Amino acid sequence: MLRVPIIRKEYDRVRTGLRKRGYDDDALTILDHVLKYDDQRKQTQNELDELLSIRTQKSKNIGALIGQGKKEEAEALKTEVGVLKKSIEQLENQLRDAKEKLNDALLNIPNVPHELVPAGTKESDNELFKAWDGTMPQLDESALPHWELAKKYNIIDFEIGAKITGSGFPLYRGKGSKLQRALINFFLEEAGKQGYEEIIPPLMVNADSGMATGQLPDKEGQMYHVTADDLYLIPTAEVPITNIYRDTILNADEFPIKVTGYTPCFRREAGSYGAHVKGLNRVHQFDKVEIVRIEHPDHSYQVLDEMLAHVESLLQKLGLPYRILRLCGGDLGFTSAITYDFEVFSAAQKKWLEVSSVSNFETYQSNRMKLRFRNEAGKNQLAHTLNGSALALARIVAALLENYQKSDGIDIPEVLVPYTGFERIE
RNA sequence: GGAGAGUUGGCCGAGUGGUUUAAGGCGCACGCCUGGAAAGCGUGUUUCCCGAGAGGGAUCAAGGGUUCGAAUCCCUUACUCUCCGCCA
């Protein structure tokens with residue numbers, strides 16, 4: 001979340017930034033509420049500290065008097081301190097109240113967009129950062145969408161998935177399953193070559209973790225909640241991986257921190273319907289390889305570029321037409337300062353599908369999770385967190401199947417053959 | 001699931017209601033010593049809030065309670081370890 005001193009000192013910048021997200025004057029009053037609650041907090045804290053100081057002092061005196069055998073004086077002092085108790089209790093309640101209000105307000109303020117982020121509220125306001133300048137796949141008239149191909153070659157079964165669990169939980173089988181595993185391994189190996197440490201994290205997280213990366217409270221309804229144990233199924237590996245570093249003070253020489261992990265991802269996608277959810281376009285469970293970086297604030301934007309280049313190289317190796325969007329303020333995730341979306345062209349559907357989202361959160365997440373490093377001056381400073389999909393599988397599979405289809409089979413991109421062990425799906 | 005024992009600073013570890021400071025050790029930083037180093041000696045070393053500073057407050061797993069006063073006593077929760085049960 002945002003730090004109060006920033007809201008105070010850079011008030012105008014914060015307001016301008018939030019306007020890009022569509023905040024009007026009315027919505028912006030939340031900033032003034034923050035300042036008000038913070039003032040209340042400080043004042044109450046000061047008053048309380050003073051009383052506590054007096055209490056401690058007098059209590060020590062009581063101890064000393066008892067030690068000297070001066071019982072009556074001690075008793076008198078006890079009554080005196082007893083009077084303080086009520087005021088202390090009252091101030092403690094006030095303080096708790098002010099902190100709670102302050103925290104609630106802060107939790108509801110999203111990150112301030114980077115200056116490069118275009119203003120806007122609609123998808124069409126996203127900026128085309130990099131257009132596809134190569135050739136588009138030429139498909140026959142008879143080309144099929146991926147859900148038809150999945151059926152034709154018996155590689156993905158949506159109906160059985162729906163029977164076992166529900167719609168949006170596809171079952172991969174045979175070469176479909178092997179292709180899935182090949183892509184996961186390919187992505188992990190490529191990340192490994194770039195120096196990312198591979199991990200396998202827990203697939204369920206507690207509320208603290210969800211809060212730290214910002215899924216809670218903002219996206220409460222988007223996660224599957226296991227109520228019996230109050231745990232959440234992860235919507236992305238970002239959550240468990242970034243939370244490795246929750247409540248941590250790093251040494252500056254521990255940078256760069258580069259972690260990658262494959263996990264299934266679970267999303268309720270409440271409110272989605274129609275053509276958007278056809279086939280693999282939008283599912284409740286999908287596989288994804290995520291890359292996460294924890295960085296010194298001075299380098300995070302250079303690192304963001306590195307991450308973009310990495311994702312781009314994956315798409316190039318897979319031979320998929322792609323474009324890169326710079327998200328507008330309204331489309332930007334709650335916690336993100338800047339986000340680039342990668343979309344691949346799914347040639348039979350004639351649709352661009354989002355397959356990666358690469359973001360710099362600056363200090364928004366690290367402030368929530370108390371992730372700091374000791375800087376050159378020896379002070380503890382918030383680190384920057386970044387992450388990106390590299391890549392999300394389901395839609396990549398959709399595009400691969402559609403774009404590489406021939407009348408009698410589907411070719412496997414050359415780069416994947418060592419991982420699949422076969423060259424065609426027939 | 002049952003029973004028991006635990007959780008103290010970067011790490012180890014003492015501390016069963018009060019005598020301004022959570023003992024001591026290790027590690028780390030700086031200084032003295034040295035030709036240089038080691039050893040030795042000295043000083044410093046949790047984090048957060050308020051404050052220009054001096055200083056004040058909080059912090060002994062978390063949250064409540066008892067008390068003039070809680071690391072210490074009581075309650076709840078989480079986690080760790082041991083044993084039993086179940087189990088891939």
Side-chain angles (χ1 to χ4, degrees), chain A residues 1-9 34-107 200-212 216 225-232 240 243-255 257 363 365-383:
Chain A
M1 55 187 131
L2 300 183
R3 283 163 295 163
V4 178
I6 296 291
I7 297 176
R8 211 177 274 285
K9 288 183 206 148
V34 163
L35 296 182
K36 188 181 81 192
Y37 296 140
D38 189 50
D39 287 339
Q40 279 172 13
R41 192 204 101 236
K42 278 190 204 175
Q43 199 196 328
T44 312
Q45 180 82 66
N46 282 335
E47 288 170 20
L48 177 63
D49 283 357
E50 199 174 323
L51 291 191
L52 288 176
S53 181
I54 294 169
R55 185 187 72 178
T56 306
Q57 198 48 56
K58 294 204 169 170
S59 291
K60 279 174 186 163
N61 291 344
I62 292 171
L65 288 172
I66 291 173
Q68 292 162 21
K70 298 178 181 169
K71 284 222 170 100
E72 280 153 42
E73 288 179 48
E75 285 305 319
L77 207 44
K78 273 191 194 181
T79 346
E80 206 178 303
V81 183
V83 177
L84 282 179
K85 267 187 104 167
K86 259 192 186 152
S87 313
I88 287 175
E89 208 170 301
Q90 198 186 338
L91 284 171
E92 276 173 347
N93 288 336
Q94 271 181 37
L95 183 64
R96 189 177 305 129
D97 187 53
K99 279 183 171 173
E100 213 169 278
K101 281 180 179 161
L102 176 63
N103 202 259
D104 284 351
L106 285 172
L107 283 175
I200 300 176
L203 302 182
M204 288 196 259
V205 295
N206 56 34
D208 283 346
S209 292
M211 195 72 77
L216 294 174
H225 188 189
V226 181
T227 50
D229 297 284
D230 197 19
L231 296 172
Y232 295 86
N243 269 282
I244 294 171
Y245 298 95
R246 172 150 54 89
D247 286 319
T248 300
I249 301 176
L250 300 160
N251 283 316
D253 62 10
E254 290 179 72
F255 295 131
I257 290 175
T363 58
Q365 292 182 329
S366 58
N367 190 37
R368 279 201 186 180
M369 71 171 76
K370 303 283 169 275
L371 163 51
R372 292 156 293 174
F373 70 100
R374 217 173 288 283
N375 68 16
E376 299 72 14
K379 290 265 168 105
N380 294 330
Q381 188 183 341
L382 294 171

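These values consider heavy atoms only, across backbone and side chains, with no hydrogens, waters or symmetry-generated copies. Here the structure is a predicted model, which is why all the values come from computation and not from measurement. Reminder, nothing fancy here: chain letters follow the sequence lines and each chain counts from 1.
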Roughly, in whole Å, what's the span from [atom1] in [X] to [atom2] in [N]?
X         : N       : atom1 : atom2 : result
Gln381(A) : rU47(B) : CD    : C1'   : 17 Å
Leu371(A) : rC48(B) : CG    : C1'   : 16 Å
Asn380(A) : rU45(B) : CG    : P     : 15 Å
Asn206(A) : rA62(B) : CG    : P     : 16 Å
Asp230(A) : rC79(B) : CG    : P     : 12 Å
Arg8(A)   : rC49(B) : CZ    : P     : 14 Å
Lys379(A) : rC48(B) : NZ    : P     : 10 Å
Asn103(A) : rC49(B) : CG    : P     : 14 Å

Sub-4.0 Å heavy-atom contacts from residues 36-55 of chain A onto RNA chain B, ordered by number: Arg41(A), Lys42(A), Asn46(A), Asp49(A), Leu52(A), Ser53(A), Arg55(A)
Could you identify the nucleotide paired to [N], looking across every strand shown and requiring Watson-Crick or G-U wobble geometry with both distances under 3.5 Å?
N       : answer
rC86(B) : none
rU59(B) : none
rA54(B) : none
rA29(B) : rU43(B)
rG36(B) : none
rU66(B) : none
rA5(B)  : rU80(B)

Heavy atoms from other residues, nucleotides or ligands near CD of Glu92(A) exceed 12 (cutoff 6.0 Å): yes
Set of residues satisfying side chain to side chain donor-acceptor pair (under 3.5 Å) with respect to Arg246(A), sequence neighbours excluded: Ser209(A), Asn243(A)
Any salt bridge linking [X] with [Y]? Criterion: basic side-chain nitrogen under 4.0 Å from a carboxylate oxygen.
X         : Y         : value
Glu75(A)  : Lys78(A)  : yes
Asp208(A) : Arg368(A) : no
Asp38(A)  : Arg41(A)  : yes

For [N] versus [M], give the span between their [atom1] atoms, rounded off to a whole number of Å.
N       : M       : atom1 : value
rU72(B) : rG15(B) : C1'   : 8 Å
rG69(B) : rA78(B) : C1'   : 28 Å
rC60(B) : rG10(B) : P     : 13 Å
rA58(B) : rG63(B) : C1'   : 16 Å
rG57(B) : rG42(B) : P     : 30 Å

Minimum side-chain heavy-atom gap Asn375(A)-Asn380(A) below 4.5 Å: no
Reference residue Leu65(A); test side-chain contact (heavy atoms from CB on, under 4.5 Å); the match among Lys71(A), Glu72(A), Lys70(A): Lys70(A)
Which residue lies more 5' along RNA chain B, comparing Leu77(A) with Ile249(A) via nearest heavy atoms: Ile249(A)
At a cut-off of 3.5 Å, list every protein nitrogen or oxygen paired with a nitrogen or oxygen from nucleotides 15-18 of chain B, distance to 0.1 Å.
{"residue": "rG18(B)", "atom": "N2", "partner": "Ser59(A)", "partner atom": "O", "Å": "2.6"}

Check: Gln45(A)/Asp49(A) side-chain N/O donor and acceptor closer than 3.5 Å: yes
Sugar-phosphate only, base, or nothing, as touched by Asn61(A) at under 4.0 Å among non-hydrogen atoms: nothing
Phosphate OP1/OP2 of rA29(B): any Arg374(A) side-chain N/O under 4.0 Å: no
Aromatic ring pairing Phe373(A)/Phe255(A), orientation class (parallel under 30°, perpendicular over 60°, tilted between): perpendicular
